Number of protein chains: 2
Amino acid sequence: MLTNSRAAYHDHNHQRCIDAALDRARDLCSQQGARLTPLREAVLHLIWTSHRPLGAYAIADLLPAATGRKALAPTVYRSIEFLLDQGLIHRVASLNAYIGCPFPGSRHSELIMICRACGTAAELSADSVDSALSDVTRRAGFFMETQNIELLGLCPGCRGEGGPS
Amino acid sequence: MLTNSRAAYHDHNHQRCIDAALDRARDLCSQQGARLTPLREAVLHLIWTSHRPLGAYAIADLLPAATGRKALAPTVYRSIEFLLDQGLIHRVASLNAYIGCPFPGSRHSELIMICRACGTAAELSADSVDSALSDVTRRAGFFMETQNIELLGLCPGCRGEGGPS
DNA sequence: GGCAAAAACAGTATAATGTAACAAAATGGG
DNA sequence: CCCATTTTGTTACATTATACTGTTTTTGCC
Ligand SMILES: [Zn+2]
Ligand SMILES: [Zn+2]
Ligand SMILES: [Zn+2]
Ligand SMILES: [Zn+2]
């Protein structure tokens, strides 16, 4: 089981998350011959500002303060497309928003747990889920290629405060 | 394992799918004291026209021919909201579209298999997936409430034609 | 360095999806 | 029938995303 839930859901030194993500991104891009330009890196940095998915127009609003240059929708979406292609971020379809991938480069299933109270999202990849999915879909005659799993619920912190026991 | 993949992915008498869905809808709504008005029933009927998810504006375009009255976005979205609340349809977030639920009324996980070639979507509910998900999310400290699983791949028909063996 | 090709970026306009707010009509119980 | 509630119609607008055109920047090559 591979997950960043520990960091996402508890107090932690988030600067280390950011630094690690940017380091991984630079490594991966140079390996792939992909160009992590200042703009793209700024967008990735913004997405990693927190563990909450960030929308494209929110990124556009935040970019000027981060880079000094203003950015309109197409510019932001081009960067997002690049980051998606490189596997550095994921799109959260149910929120129309984007979240940094904590383990890019490694093949992993895409399962996102979203807290409905605080909005924090953590990613999780587990063989047990993957094999259960492969198994039942194959029995249904379906050849699964990609998966998009978005779970809504309560994170450990928000569960304590007035949520279920 | 509960699924409508057999019907969705193979030749079948689709009129029976439609009739059965509308019958179930009428039953459930009368049980719940919910009002399945002509408009709402027409929207449900349109969504059941095929096993491909249908967008809200496509429904708006098709409604006049189906009912004689024109329908604008808010009207369509209100009917959609009603049908979602009653569990008669599901929203497919990755497509911004809506699909009829083949087993409304019964508690079931929401797992949709979408063929990227023909667009057909089938629903599947399996205990093995549910328990694997509950297990790994609980271990991650997450209290799962609702799930939205959208799988992309190839249906049996499209897999044969030039797809993988 | 100078130059051509490719890539990235900027900007305008517009498409597609979804919602807020209020008016009008239908429904159903006294 | 009369009133309260629900449903539907209508206008306006918000949000998310893309098509397209031209400009700038970068890159590889000489
Ligand atoms: Zn962090
Ligand atoms: Zn990931
Ligand atoms: Zn059918
Ligand atoms: Zn269903």
Side-chain angles (χ1 to χ4, degrees), chain A residues 25-26 29-30 32-47 52-86 88-99 119 148 150, chain B residues 25-26 29-30 32-47 52-86 88-99 119 148 150:
Chain A
R26 283 185 278 260
C29 286
S30 74
Q32 304 288 321
R35 293 171 50 194
L36 188 64
T37 64
L39 174 67
R40 290 165 174 172
E41 187 170 325
V43 170
L44 181 61
H45 195 152
L46 279 175
I47 290 176
R52 277 186 294 278
L54 195 59
Y57 280 77
I59 294 170
D61 291 342
L62 293 168
L63 262 179
T67 65
R69 59 221 273 206
K70 78 168 174 175
L72 298 175
T75 299
V76 174
Y77 278 102
R78 269 190 305 260
S79 288
I80 286 174
E81 186 183 16
F82 171 86
L83 297 171
L84 286 172
D85 286 346
Q86 303 301 318
L88 296 169
I89 62 173
H90 297 297
R91 179 177 143 85
V92 185
S94 61
L95 301 176
N96 294 327
Y98 305 86
I99 184 95
N148 185 270
E150 297 174 17
Chain B
R26 282 185 279 260
C29 286
S30 74
Q32 304 289 320
R35 291 171 52 192
L36 188 62
T37 63
L39 174 67
R40 290 165 175 172
E41 187 170 325
V43 171
L44 182 59
H45 196 151
L46 279 175
I47 290 176
R52 277 186 294 280
L54 195 60
Y57 280 77
I59 294 171
D61 291 342
L62 293 168
L63 262 178
T67 64
R69 58 222 273 207
K70 78 169 174 176
L72 297 176
T75 299
V76 173
Y77 277 103
R78 272 191 301 254
S79 287
I80 287 174
E81 186 184 16
F82 171 85
L83 296 170
L84 286 172
D85 286 347
Q86 302 301 318
L88 295 168
I89 63 174
H90 297 297
R91 179 175 142 86
V92 185
S94 61
L95 301 176
N96 294 329
Y98 305 86
I99 185 95
N148 185 270
E150 298 173 18

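Please read all numbers here as calculations on a predicted model, not as lab measurements.
- The stretch residues 32-46 of chain A comes close to DNA chain C through A:Arg35, A:Thr37, A:Leu39, A:Arg40, each having a heavy atom under 4.0 Å from the strand.
- Between the CG atom of B:Leu72 and the C1' atom of C:dA24 there is a distance of 14 Å, given to the nearest Å.
- Formation of a donor-acceptor pair under 3.5 Å by the B:Arg91 side chain with backbone atoms of B:Leu84 is not found in this model.
- As a whole-Å value, the separation of B:Leu54 CG from C:dA16 C1' is 14 Å.
- The two residues A:Leu83 and A:Arg40 have their closest heavy-atom pair at CD1-O, 4.0 Å.
- A heavy atom lying under 4.0 Å from DNA chain D marks the following residues of residues 73-86 of chain B, by number: B:Pro74, B:Thr75, B:Arg78.
- Nucleotide C:dA16 holds its P atom 11 Å from the OH atom of B:Tyr57, rounded to whole Å.
- In this structure, A:Asp61 atom CG and D:dT16 atom P are separated by 10 Å, rounded to whole Å.
- With a 4.5 Å cut-off on side-chain heavy atoms, B:Ser79 and B:Thr37 do not count as touching.
- The interatomic distance linking A:Tyr98 (OH) with D:dA17 (P) rounds to 4 Å, in whole Å.
- By the 4.5 Å heavy-atom criterion applied to side chains, A:Leu88 and A:Ile47 are not counted as neighbours.
- Between the side chain of B:Glu150 and the main chain of B:Ser94, a donor-acceptor pair closer than 3.5 Å is present.
- OP1 or OP2 of D:dT8 has not a single side-chain nitrogen or oxygen of B:Arg69 nearer than 4.0 Å.
- Contact detail for B:Pro64 and B:Asp61: the closest heavy-atom pair is CD-O, 3.4 Å.
- Annotation: side chain of A:Ile80 is in contact with side chain of A:Ile59 (closest heavy-atom distance under 4.5 Å).
- In terms of phosphate contacts, A:Asn96 brings no side-chain nitrogen or oxygen within less than 4.0 Å of OP1 or OP2 of C:dT17.
- The minimum heavy-atom distance between B:Ala56 and B:Val76, with the atom names listed, is O-CG1, 3.5 Å.
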